[in-house]
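Accompanying notes for the structure given below.
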Amino acid sequence: GYFGDYGGSFVPPELQAILDEITVAYNEIKDDPAFVAELTTLMKDFVGRPSALFHCKNLSDKIGGAQIYLKREDLNHTGAHKINHCLGEALLAKRMGKKKLIAETGAGQHGVALATAAVLVGLECDIYMGIIDIEKEKPNVTRMKILGANVIPVTRGTQTLKDAVDAAFEAYLADPVTQLYAIGSVVGPHPFPMMVRDFQKIIGIEARAQFQEKYGTLPNHIVACVGGGSNAMGLFTAFLEDKSVKIHGVEPSGKGLEDGKHAATLTLGKPGTLHGFKSYLLQDDAGEPLPVYSVASGLDYPGVGPQHSLLKDIERVEYVTAGDEETIDALFELSRTEGIIPAIESAHAVAYAMTLAKDLPKEESILINLSGRGDKDIDFVVENYGKK
Ligand SMILES: CC/C=C(/N=C/c1c(COP(=O)(O)O)cnc(C)c1O)C(=O)O
C-alpha cells in the first residue's frame, strides 16, 4: 500500500496502466515551476487564498472554555475546500491532453468546484450525482448547470454518494483515455489519495503559519470533519510532526451508532477494499459496503481515505463522532453567535469542538477547519429542522 497496509490500487489491468500514466504525469508536474506558478496564481487570484483564520470570541466566551478558531475554507471561491484539489486536477488533465473531467458528488460542492475548474482550463465536465442528493442540494445542482457541466442522475443503490462513485468509475473505465476522473476526496486507487492530499495540504500550511504569526504558538487541538477525508488531511498534514498538537477527526454518527444509520467508518468499520483501494470500511460479512447515512450528503460514504486508516492505527489522530441533532444545533449556534452559516458537513466539526472546548481552560486553543459554507443547506435545514 502507500499508507502502511492501506491504499494501493485494486483495479483492472487496463486501468492500472492509465493510473501509472497519471502518477508519472503528476510526479513530473508537481515540482515544475510553470505548473506551481499557474496553480499558485489561481489559488491567490481566483480562489482568494490565503483563507482567513478567525477567532470565534463570542462562541468561546459563551462556552467559557478553550478559545475556538476557524480556518475559513468556506470563503474560498465556490464555497468549500474542494476547489483546492479541483484546480490541481484540472491543470493536470489539461497537461495530459484530456478532453473531459468527470467526478462524483454528494453535497454538490465537489461538483461545483470541478465544473468551475473545468471552465477555467477549457475542458468538458460530467458530474455523477445520486438523485437523493440532487433533490437535497438543489442550489449546487443549479450552479453546476449554469457553469455548463452535465449533471448525470444516479438511480442505483442508495442513490447517494457511494453510488455516484460507482457510476463515475464505470464511466471512467469506459473511456480512461480522453477523460480524467477528478476524484472528490483522498480516496480511490493510488495516486489519488496522495495527489488530493498534496493539493489540500495548503490549508494546514497556511493555518500553522497564521496561528504562529498571530499568537506565537501552535494550537493545542485541531479538528476537522471526515467524509472521504480530504479537508481533514488538508488541515492535518502540516501538523503531523507537531506532537504537542492533538488532532481530532469527526465522523457522522447520524441517527445513532447502534441502529446503523450513520457513516462512522473509522469508529465501527474494519479494513476492506472499495473503489480500488484498501482502507477501513463499513462492510457486511461478505466484505460488501453497508448502506450508510448522514444528515450531511458529503459525509455519507462507507469508506475513508487510506491515510486516515494509518493515522488511526498509529493513534496520531483521535477519530470521534457527532450526530445529526448536535450538528444541526451547532450550525444554528455558530450562525447565531458568529454570523457564520457553516455547511452541515463542517458543522460536525463545530459540534465536536464545542463539546471539547467546555472542559478545557481558556488558555487552550482549538482550530477547526470550516470546510464549507451552508448556502447549499439553508432550505433543507429550515424545512427539516424549522428555525430551531
Ligand atoms: C466528493 C463527495 C463529497 C462532497 N463533499 C464533501 C464535503 C466534506 C467531506 O469531504 P472530505 O473533506 O473529503 O472528508 C466536508 N465539507 C464539505 C463542505 C463538503 O462538501 C461533495 O460532493 O461536495
Side-chain angles (χ1 to χ4, degrees), residues 6 80-82 104-110 129-130 132-133 136-137 154 156-166 183-188 193 223-233 248-275 277-284 287-309 311-312 317-328 330-331 342-352 369 371-372 376-377 380 384:
Y6 306 107
H81 68 292
K82 299 290 181 184
E104 79 289 354
T105 200
Q109 288 302 133
H110 180 61
M129 189 171 194
I132 286 191
D133 291 330
K136 203 171 128 192
E137 309 282 13
V154 174
R156 73 177 79 180
T158 61
Q159 302 167 338
T160 56
L161 183 50
K162 180 257 171 196
D163 317 288
V165 180
D166 290 346
I183 207 156
S185 187
V186 286
V187 294
V223 183
C225 66
V226 178
S230 65
N231 91 86
M233 282 321 304
H248 313 267
V250 188
E251 292 188 304
S253 49
K255 296 195 185 317
L257 291 178
E258 56 293 334
D259 73 0
K261 286 187 77 67
H262 63 79
T265 304
L266 288 158
T267 299
L268 293 182
K270 57 184 193 304
T273 302
L274 174 69
H275 296 144
F277 70 106
K278 187 179 171 197
S279 194
Y280 273 80
L281 173 66
L282 289 167
Q283 57 189 292
D284 64 19
E288 288 305 308
L290 287 169
V292 287
Y293 160 84
S294 168
V295 66
S297 300
L299 300 181
D300 189 12
Y301 183 63
V304 70
Q307 190 166 9
H308 284 289
S309 295
L311 289 169
K312 173 189 168 67
V317 176
E318 179 197 27
Y319 291 95
V320 296
T321 60
D324 287 0
E325 290 302 319
E326 63 185 302
T327 291
I328 297 298
L331 182 148
I344 303 181
E345 292 80 7
S346 322
H348 283 74
V350 178
Y352 179 75
N369 200 8
S371 51
K376 65 182 174 66
D377 300 315
F380 173 81
N384 292 276

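As a basis for the values below, the full set of heavy atoms in this structure was taken, side chains included, without hydrogen atoms, waters or symmetry mates. In this text the structure is predicted, and so the values were computed from the model without any measurement.
Every salt bridge (charged side-chain N to carboxylate O under 4.0 Å, His left out) that Asp324 has, sequence neighbours left out, goes to Lys255. Under the rule for a salt bridge (charged side-chain N to carboxylate O under 4.0 Å, His left out), Lys278 has no partner lying at least two apart in sequence or in another chain. Evaluation of the salt bridge (charged side-chain N to carboxylate O under 4.0 Å, His left out) rule for Glu325 yields Lys388 as partners, not counting sequence neighbours. Not counting sequence neighbours, the partners of Thr160 by the side chain to side chain contact (heavy atoms under 4.5 Å, CB included) test are Ile132, Asp133, Thr158, Asp163, Asp300. For Glu345, the salt bridge (charged side-chain N to carboxylate O under 4.0 Å, His left out) partners two or more places apart in sequence, or in a different chain, are Lys376.
Residues Ile344 and Ala296 come closest through the heavy atom pair CG2-CB, 3.9 Å. What you find for Ala322 and Thr327 is that their closest heavy atoms are CB-OG1, 3.8 Å. Nearest heavy-atom pair across Gly106 and Glu137 is O-CG, 3.7 Å. Heavy atoms only, all atoms of each residue included: Gln109 and Ala80 are closest at NE2-CB, 3.4 Å. Considering every non-hydrogen atom in both Val226 and Gly249, the closest pair reads CG2-CA, 3.8 Å. Closest heavy-atom contact between His348 and Cys225: CB-CB, 4.2 Å.
A heavy-atom distance below 4.5 Å is not found between the side chains of His275 and Val187. Val350 has its side chain out of reach of Leu331: every pair of non-hydrogen atoms, C-beta onward, lies at least 4.5 Å apart. Side-chain atoms of Pro252 and Val295, non-hydrogen and from C-beta on, never get closer than 4.5 Å to each other. Within the 4.5 Å cutoff, no side-chain heavy atoms of Val304 are placed close to those of Tyr6.
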Audit row: Met233, Leu311, side chain to side chain contact (heavy atoms under 4.5 Å, CB included) steps and yes/no
CA-CA 10 Å; Met233 282 321 304; Leu311 289 169; 3.8 Å; yes
Verdict with reasoning, Leu281 to Thr273, per side chain to side chain contact (heavy atoms under 4.5 Å, CB included)
CA-CA 7 Å; Leu281 173 66; Thr273 302; over 6 Å; no
Working note: Lys162 + Val292, criterion side chain to side chain contact (heavy atoms under 4.5 Å, CB included); need CA distance, chi angles, decisive distance, verdict.
CA-CA 9 Å; Lys162 180 257 171 196; Val292 287; 5.8 Å; no
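Side-chain contact check for Ser279 and His308: no donor-acceptor pair (N or O, by modelled atom type) lies under 3.5 Å.
In this structure, Glu104 contributes its side chain and Asp166 its backbone to no donor-acceptor pair below 3.5 Å.
In this structure, CD in Glu251 is found 11.0 Å from OH in Tyr280, a value given to the nearest 0.5 Å. Taking NE2 of His110 as the start and CG of Leu161 as the end, the distance is 10.0 Å to the nearest 0.5 Å. Distance NZ/Lys82 to OG/Ser371: 8.0 Å, rounded to 0.5 Å. Atoms CZ and CD1, from Phe380 and Ile328 in turn, are 6.5 Å apart once rounded to the nearest 0.5 Å. To the nearest 0.5 Å, atom CG of residue Asn369 and atom OG of residue Ser230 are 9.0 Å apart. To the nearest 0.5 Å, the span separating CG on Leu282 from OH on Tyr301 amounts to 11.0 Å.
Residue pairs meeting the ring pair (Phe, Tyr, Trp, His ring centres under 6.0 Å) criterion with at least one partner in residues 248-268, sequence neighbours excluded, are His221-His248, His248-Tyr352.
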